[in-house]
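Read the numbers this way: they start at 1 and go in the same order the structure lists the ligands and their atoms.
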Amino acid sequence: MRIGVPKETVANERRVALTPDVAGRLVKSGSSVLVERGAGEAASFGDDAYGAAGATPVATAAQAFGQSDIVLKVQPPSAQEARLCREGSALVALFQPSAEREAVSQLAARTVTAFSLALLPRITRAQPMDVLSSQATVAGYKAVLLAAAATGRFFPMLVTAAGTLPPARVMVLGAGVAGLQAIATARRLGAVVSAFDVRAAVKEQVESLGAKFLELQVGEQAEAAGGYAKQLSEETHRRELAFLAQQVKDADIVITTAAIPGKRAPILITADAVRGMKPGAVIVDLAAETGGNCEVTKPGTEVRHNGVVVLGPLNLPSTLPLHASQMYARNISSFLLHVTRDGRLVVDFDDEIIRDTCVTHAGEVRKT
Ligand code: NAD
């Protein structure tokens with residue numbers, strides 16, 4: 001089987017779908033790996049390292065797409081990339097089909113079997129392939145570093161000859177994969193951390209990381225099938241906003257990560273609540289990509305609102321490209337193992353992982 005790894009073309013994307021280490025393992029198991037020159041450079045994986053692992057360098061994207069049985073990518077395929085795919089080949093990337101309609105119809109037209117890892121079910125069996133979790137781990141970690149760089153305070157308590165400085169008070173809203181990593185990272189830096197989530201099940205996880213869980217009687221079932229949160233009723237959301245407006249008053253740093261699959265991110269901090277915060281407080285809104293958890297967030301930029309700094313970073317995993325790529329490569333190679341037997345693609349729609357992730361197959365669009 002020939003596996004193609006093109007260079008990512010989206011601006012500011014520094015990750016690569018396969019690292020030399022994982023490429024080497026695939027070569028040892030009998031595949032050829034075609035890597036476009038420079039594909040790993042921004043993640044600090046040079047062409048030489050791929051060559052030493054037994055991969056074959058190719059000069060152009062057209063070769064990486066056109067000569068491969070299966071192409072591995074990080075970012076969604078563009079319509080132009082879809083046209084480069086060989087008829088009947090396969091492609092794996094991370095995308096929402098509804099946001100990539102033109103590319104998806106091109107993939108179907110070229111009878112490409114395309115899989116999106118964004119659609120992977122969050123089941124135990126799929127954990128080794130779970131790029132949503134691995135990349136959210138990176139985002140949660142990096143969010144704390146951004147906050148630490150933007151605040152005028154130390155995170156740990158310091159007792160010095162120049163006086164005693166209290167620890168920073170960090171609040172994390174949404175304690176899924178990114179939120180839990182943010183809690184752990186802020187704790188390691190010595191902050192006093194509290195966290196809130198509508199799913200009561202996370203209380204124990206938050207406390208086991210040494211953070212305080214902020215309790216609000218939600219009074220409705222907030223967890224849907226698959227462990228994701230549901231959208232709250234209007235009344236409960238109103239109570240949540242009032243509760244959080246009180247809580248954020250004491251925080252030096254707020255990191256928000258709340259998301260509802262397939263929907264705009266819920267607002268957790270209104271512009272009024274920001275006005276109630278301390279001058280110099282920092283909000284890092286990890287939900288900026290899906291509209292933001294804070295009413296004043298501007299995706300991709302920094303705003304100041306009444307002395308509060310609000311950051312809305314986009315594509316944080318790309319800012320830690322070496323480890324983000326390493327985790328992504330392990331995830332995607334586990335997926336590859338799952339969809340191939342003896343060097344051939346096996347598309348078994350009785351399998352939940354394949355059924356949920358397959359976007360196009362045999363000329364048909366299966367997920368819109
Ligand atoms: P996510 O990115 O969809 O959401 C982040 C967090 O925001 C969630 O914890 C959610 O409960 C919370 N949230 C949503 N609306 C909120 C609101 N109004 N106020 C406060 N918080 C709100 O979540 P995720 O990190 O992708 O994790 C989703 C679920 O999947 C979790 O239960 C997680 O444990 C589970 N999971 C399972 C596996 C597996 O078994 N393979 C792997 C990873 C995650």
Side-chain angles (χ1 to χ4, degrees), residues 94 96 117-141 143 171-184 194-209 211 213-248 251 254-270 273 283-295 316-317 327-328 330-331 334-335 338 352-353 356-357:
L94 184 52
Q96 290 297 344
L117 295 178
L119 307 177
L120 200 73
R122 307 303 278 281
I123 54 177
T124 308
R125 209 157 53 85
Q127 271 179 4
M129 318 165 197
D130 191 348
V131 298
L132 293 178
S133 288
S134 70
Q135 305 304 295
T137 298
V138 177
Y141 167 81
M171 187 174 295
V172 176
L173 305 182
V177 180
L180 291 173
Q181 187 55 229
I183 294 171
S194 58
F196 172 71
D197 197 296
V198 280
R199 292 183 299 119
V202 299
K203 178 177 191 277
E204 226 175 84
Q205 295 165 31
V206 165
E207 288 174 348
S208 73
L209 291 170
F213 188 69
L214 303 169
E215 308 241 12
L216 167 74
Q217 289 309 322
V218 172
E220 62 185 72
Q221 176 55 266
E223 187 159 333
Y228 286 111
K230 283 204 298 205
Q231 198 161 15
L232 298 176
S233 67
E234 232 171 84
E235 160 62 14
T236 308
H237 187 224
R238 201 183 46 72
R239 281 200 298 119
E240 179 185 28
L241 288 178
F243 172 72
L244 293 178
Q246 286 305 315
Q247 299 294 336
V248 296
V254 181
I255 293 174
T256 68
T257 77
I260 312 276
K263 298 220 154 53
R264 189 210 181 281
I267 292 288
L268 305 186
I269 308 177
T270 60
I283 298 174
V284 180
D285 191 343
L286 280 193
E289 257 160 90
T290 49
N293 290 142
C294 173
E295 214 169 40
L316 274 185
M327 294 167 99
Y328 192 93
R330 297 238 174 108
N331 293 147
S334 297
F335 184 80
H338 191 75
E352 186 183 1
I353 294 175
D356 285 7
T357 53

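Applying the salt bridge (charged side-chain N to carboxylate O under 4.0 Å, His left out) test to Glu207 and every residue at least two apart in sequence or in another chain returns Lys203. Every residue meeting the ring-ring contact (aromatic ring centres under 6.0 Å, His included) condition with Phe243, not counting sequence neighbours, appears here in chain and number order: Phe196. For Tyr328, there are no ring-ring contact (aromatic ring centres under 6.0 Å, His included) partners two or more places apart in sequence or in a different chain.
The heavy-atom pair separating Val206 from Ala175 by the smallest distance is CG2-CB, 3.8 Å. The minimum heavy-atom distance between Leu180 and Gln205, with the atom names listed, is CD1-OE1, 3.2 Å.
Near ligand 1, Arg122, Ile123, Gln127, Asp130, Ser133, Gly174, Ala175, Gly176, Val177, Phe196, Asp197, Val198, Arg199, Gly227, Tyr228, Ala229, Leu232, Glu240, Thr257, Ala258, Ala259, Ile260, Pro266, Leu268 each place a heavy atom less than 4.0 angstrom from the ligand.
Between Thr257 and Val177, every side-chain heavy-atom pair lies at or beyond the 4.5 Å cut-off.
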